[in-house]
Amino acid sequence: GLLMEFGGVNLKCMALLDGANTGAYGNPVPTQVPLKIEKGPFIVVTGHDLYDLKMLLEQTDGKGVNIYTHSEMLPAHYYPAFKKYPHFVGNYGNAWWKQLEEFKTFNGPILFTTNCIVPPREESICQRIFTTGSSGYPGCNHITADASGKKDFSYPVFTCPVKHKAHKITYYKYFPLVCIKLFLYKFFPMVAKYKNHFFFRFSAKSIFSSMASESLKASSDMGFTIRS
């Protein structure tokens, strides 16, 4: 009885939230979201507040700044109202709990709307974090709304000098080792029996670890730096 009543209230709340989002931004549609980081300055926005995202997109429109979602903000790409913004280009990173690693790999601002903030360990990251609404953290910039509910995102948008460069990931330098292993597997079948040997496991791990570290360096070179 009580559990069913509680469930019914929860369902009504979800229906109200869904109606508010779809009424303002349209019904979500299946969408392929790019994960590639384009060259140039960008801002990462995370959390659940679609109205904050709308204001950010409006204020950055035509300013040469790309907007990427992160974590819980990813579903925003499914709403038709946001598809008209050409600078709303993709998603950066993974789940919220990977912030400590991911937010070190680029130099741009991060806007938290309602998301959980993992306490940053570096002052330089705090300086790039902008919070709003119910989110906040000591040492980070907080953006408040005016009497009409509007928020001014001009500080993270317009006080950031562009600092980016192209970075080509040199996968080709790992090609010889890969070819040697394929050659051994093909012409010396007995080698395949030892593919789990320390040498083969270590060399494979070294290749992909190096490739991953270069990928992170590529993304870190394509952000821009906050000027306080």
Side-chain angles (χ1 to χ4, degrees), residues 17 21 25 28-54 56-57 60 65-79 82-83 85 87-137 139-141 153 156 160 163-164 166-171 174 204-226:
L17 179 61
N21 286 338
Y25 311 114
V29 295
T31 303
Q32 185 173 0
V33 181
L35 302 179
K36 179 182 178 182
I37 304 300
E38 301 292 341
K39 179 181 178 181
F42 63 94
I43 295 174
V44 168
V45 55
T46 184
H48 309 82
D49 198 315
L50 297 179
Y51 186 58
D52 282 341
L53 175 64
K54 177 178 179 290
L56 179 65
L57 288 170
T60 52
V65 178
N66 288 330
I67 304 299
Y68 290 84
T69 56
H70 177 270
S71 191
E72 284 88 346
M73 192 59 82
L74 171 63
H77 291 278
Y78 312 152
Y79 289 92
F82 299 128
K83 295 182 180 298
Y85 297 101
H87 62 301
F88 189 40
V89 292
N91 185 75
Y92 179 88
N94 295 278
W96 64 270
W97 53 270
K98 301 195 74 173
Q99 294 172 27
L100 291 180
E101 303 94 47
E102 292 178 345
F103 289 168
K104 294 196 316 184
T105 60
F106 71 102
N107 297 320
I110 309 118
L111 175 63
F112 282 84
T113 59
T114 61
N115 200 10
C116 301
I117 299 178
V118 178
R121 297 173 181 172
E122 300 177 16
E123 179 64 24
S124 60
I125 297 179
C126 282
Q127 293 176 356
R128 296 190 286 107
I129 289 179
F130 294 81
T131 62
T132 189
S134 60
S135 64
Y137 190 79
C140 298
N141 307 279
F153 292 113
C160 305
K163 179 183 178 184
H164 64 269
H167 184 86
K168 190 172 184 179
I169 303 174
T170 53
Y171 297 114
Y174 306 107
K205 183 178 180 181
S206 299
I207 291 172
F208 293 110
S209 294
S210 299
M211 290 167 69
S213 65
E214 290 205 30
S215 298
L216 291 177
K217 184 178 186 302
S219 62
S220 69
D221 287 337
M222 291 188 286
F224 56 105
T225 307
I226 285 293

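Checked against side chain to side chain donor-acceptor pair (under 3.5 Å), Lys83 has the following partners two or more places apart in sequence or in another chain: Thr31. The side chain to side chain donor-acceptor pair (under 3.5 Å) test applied to Tyr137 returns no partner, not counting sequence neighbours. Qualifying salt bridge (charged side-chain N to carboxylate O under 4.0 Å, His left out) partners for Asp52, counting only residues two or more places apart in sequence or in other chains: Lys151. Looking at residues two or more places apart in sequence or on another chain, you find no ring-ring contact (aromatic ring centres under 6.0 Å, His included) involving Tyr79. Under the rule for a ring-ring contact (aromatic ring centres under 6.0 Å, His included), His48 has no partner lying at least two apart in sequence or in another chain. Residues passing the side-chain contact (heavy atoms from CB on, under 4.5 Å) test with Leu17, sequence neighbours excluded: Asn21.
Considering only heavy atoms from C-beta on, Tyr85 stays 4.5 Å or farther from Val89 through its side chain. Leu53 is not listed as a side-chain neighbour of Thr113, based on a closest heavy-atom distance of 4.5 Å or more. Residues Arg128 and Asn141 form no side-chain contact, since every pair of their non-hydrogen atoms from C-beta on lies 4.5 Å or further apart. No side-chain heavy atom of Thr46 sits less than 4.5 Å from a side-chain heavy atom of Trp96. Counting only heavy atoms from C-beta outward, the side chains of Ile125 and Lys104 approach each other to under 4.5 Å.
A donor-acceptor pair under 3.5 Å is absent between the side-chain atoms of Glu38 and the main chain of Gly90, judged by distance alone. Within the 3.5 Å criterion, the main-chain N or O of Thr131 finds no donor-acceptor partner in the side chain of Ser135.
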### Verdict with reasoning, Tyr25 to Tyr51, per side-chain contact (heavy atoms from CB on, under 4.5 Å)
CA-CA 9 Å; Tyr25 311 114; Tyr51 186 58; 3.7 Å; yes
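Relative ring orientation between Phe82 and Phe88 is described as perpendicular, the plane-to-plane angle rising above 60° on a 0-90° scale split at 30° and 60°. Aromatic ring orientation, Tyr92 versus Phe42: tilted (interplanar angle from 30° to 60°).
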